[in-house]
Structure formats: C-alpha cells, structure tokens
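The block underneath contains the structure these notes are about, expressed in structure tokens.
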Amino acid sequence: MQRFVGKVALVTGAGSGIGRAAAIRFAQEGARVFCADLNLAAAQAVVAEIGERASAVKVDVADYASNQEMVAQVLAVAGKLDFAFLNAGLYGAAEGLDTVDEALFDKLVAVNLKGAFNGIKAVQPVIGQGGAVVVTASAAGVVGHPANPAYSAAKHGVVGLVKSCVDAFAARGCRINALCPGGVETPLIGAPDVEIVDGQELPRVPLRGMGQAQHVAEVALWLCSPASGFITGQAQVLDAGLLSTFAPVMLPIGP
Ligand SMILES: NC(=O)c1ccc[n+]([C@@H]2O[C@H](COP(=O)([O-])OP(=O)(O)OC[C@H]3O[C@@H](n4cnc5c(N)ncnc54)[C@H](O)[C@@H]3O)[C@@H](O)[C@H]2O)c1
C-alpha cells in the first residue's frame, strides 16, 4: 500500500528501535521522512537504509529551541508537515523509589515529558490540515511502574498532555493520540534492531509477550492514516494483554 504519497512525516528518536521502524514504514508508504535524533549518526544510518526519500536532523527533544529548529528545517526543505511521531524517549537506569535521585528524576522528565511538550509546541502551529501527531508514552503511562517511578510519572504526564492538546489540534483539522506500548524488543532494553518485514508478516505476539518495534510503528502509522480519522485524544495501549487483567503476576496464566 502507498498510504502517504505526497505527505511529509517527522519522526523523533528515529535512529533506533520504534522510531527507526516507523521512519522506514512511513517511507515505504510513500512519505518524505525526516529522521530526527540526538544521535545524528544513528539517524543518518536509518536515512541510508531508506534512501533519497529521507533526511536526518539532529535534535535534543529536551531542549525547546532545538525542537523549534528541527521543525524549521523540515519546513525549509519540504515546505510542510503532515505527521509528527514524537517518539524519542529514555528509560535510563531503572531505579526504584529507594534509589532514584533528583538528577535522574529531572532527566527522565526532561526527555520524556518536557520533550513531548517541546515537540507538540513546535509542530502544532505549522501542521497541515488533516495532519496527525502521535506521541509515544508507555504502558507505564497508564499504570504505575515501581521499578522506574520517574519514567512512569513522565509517561503519565505525556498521556495527560496529549489529551489536553486535542482542542488545539482539532482547531487545525488535526488529531493527536498517545501510544502506550508494553515491552518491546529494542535497543532501549538491550535488543538489536531487526529487519522490517511486510506488515502482513508480523507475527501475533502471545499473551503478555514482547512486541517488536514494528508492531508499534504499524499502529503509529494507522493513527496517522484516514482509517483512524474518528480517533483523537486517546492513549492507545498495545501490550499483548499485559494490562488487561487485574494483578496478572498473581494469577496463573493459561497455556
Ligand atoms: N522498548 C520498550 O519496551 C518501550 C515500551 C514502552 C514505551 N517505549 C517508548 O518508546 C519510545 C522509543 O523507544 P525505543 O524502545 O525505540 O528506544 P531506543 O533506545 O531504541 O530508541 C530511542 C531513540 O531516542 C533517541 N533519544 C534519546 N534521547 C533523546 C533526546 N533527548 N533527543 C532526541 N532523541 C533522543 C535515542 O538516541 C534513540 O535513537 C520511547 O519514548 C520509549 O520510552 C519503549
């Protein structure tokens, strides 16, 4: 399918994992893609995978001015912006409440929550009619995560931020949604990036299993497509059932 011919997409955190998968899939669907990342070399490597339909942009999402500059570059080159997948994020060294300190809390909030705010502020005034924004939160953005409360707090903030921005995007004829993935095998948790397959070939993940970056990318693209035109302000969980039952670790799990 070529769902996004003539469209311009911006992906942050595009140098790795979910962002890389989304950038590749946006390009396969015909979009002009801007791959933004703090790690410019990683973004450039993804651009090399994609080919001439992609450009690399350096951004530190935690920095307000850097986000403004990123969007200015997109507009200078492509003249418009249709979709923004604001996906860059940091899990950090998972520290529970006993050991997390102020510096780590501030860092995780700066990248994950303020980064989402900065990206939204940069794209909202310029995104085109019919456009869409997808922001990567986490399953840890809708339930607590004792192993990393600072990350969970930041991702909960992302969900509240996205819901609060629905009207501002609707005024431009656009939609905004959050994605809340469960565990995904990416470099964030030490797994390598994998080859992108045809969307039809993606395996169904067994109950509470780990997803692949492309599982998340496919939902991000769907949330940008006209097929999801009735959906805005949602926190879309994709977790192979991880959050679907009460206290799953306490219950026997069937075959
Ligand atoms: N992997 C999981 O299990 C999982 C689960 C739920 C949510 N998420 C979220 O998905 C998103 C993508 O994660 P991933 O698993 O693909 O991780 P990843 O580590 O593979 O990719 C994250 C990318 O973000 C970039 N980045 C980090 N800080 C940045 C900054 N300040 N400015 C710009 N870019 C920056 C990194 O360089 C990297 O390329 C993150 O928001 C993460 O919190 C991941």
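On a predicted model such as this, the values are computed, not experimentally measured, just so you know. In listed order, ligands and their atoms are each counted from 1.
Side chain of Thr186 to main chain of Gly17: no donor-acceptor pair is present (N/O by atom type, distance under 3.5 Å, no hydrogens or angles). Counting only distance, with no hydrogens or angles, the side chain of His156 and the backbone of Ser152 share a donor-acceptor pair below 3.5 Å.
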For this session: Please lay out, stage by stage, how Glu49 and Arg20 fare under the test salt bridge (Lys or Arg N to Asp or Glu O under 4.0 Å).
Result: CA-CA 10 Å; Glu49 274 190 90; Arg20 166 184 169 270; 2.9 Å; yes
For this session: Take Phe83 and Phe4, measure what ring-ring contact (aromatic ring centres under 6.0 Å, His included) needs, and give me the verdict at the end.
Result: CA-CA 10 Å; Phe83 310 122; Phe4 301 130; 5.0 Å; yes
Problem set entry | Step-by-step side-chain contact (heavy atoms from CB on, under 4.5 Å) determination, Cys35 to Ile50 | CA-CA 10 Å; Cys35 299; Ile50 293 172; 4.1 Å; yes
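Sequence neighbours left out, the pairs with a member in residues 91-125 that pass ring pair (Phe, Tyr, Trp, His ring centres under 6.0 Å) are Tyr91-His145, Tyr91-Tyr151.
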I'd like the atom pairs linking ligand 1 to the protein - N or O on both sides, separation under 3.5 Å - with distances to 0.1 Å.
unit_1, atom_1, unit_2, atom_2, d
ligand 1, 1 (N), Val184, O, 3.1
ligand 1, 1 (N), Thr186, OG1, 3.2
ligand 1, 3 (O), Val184, N, 2.8
ligand 1, 3 (O), Val184, O, 3.3
ligand 1, 15 (O), Thr186, OG1, 2.5
ligand 1, 16 (O), Ile18, N, 2.8
ligand 1, 20 (O), Ser16, OG, 2.6
ligand 1, 31 (N), Asp60, OD1, 2.9
ligand 1, 32 (N), Val59, O, 3.4
ligand 1, 32 (N), Val61, N, 3.0
ligand 1, 34 (N), Leu38, N, 3.2
ligand 1, 37 (O), Asp37, OD1, 2.6
ligand 1, 39 (O), Asp37, OD1, 3.4
ligand 1, 39 (O), Asp37, OD2, 2.6
ligand 1, 41 (O), Asn87, O, 2.8
ligand 1, 41 (O), Lys155, NZ, 2.9
ligand 1, 43 (O), Tyr151, OH, 2.6
ligand 1, 43 (O), Lys155, NZ, 3.1

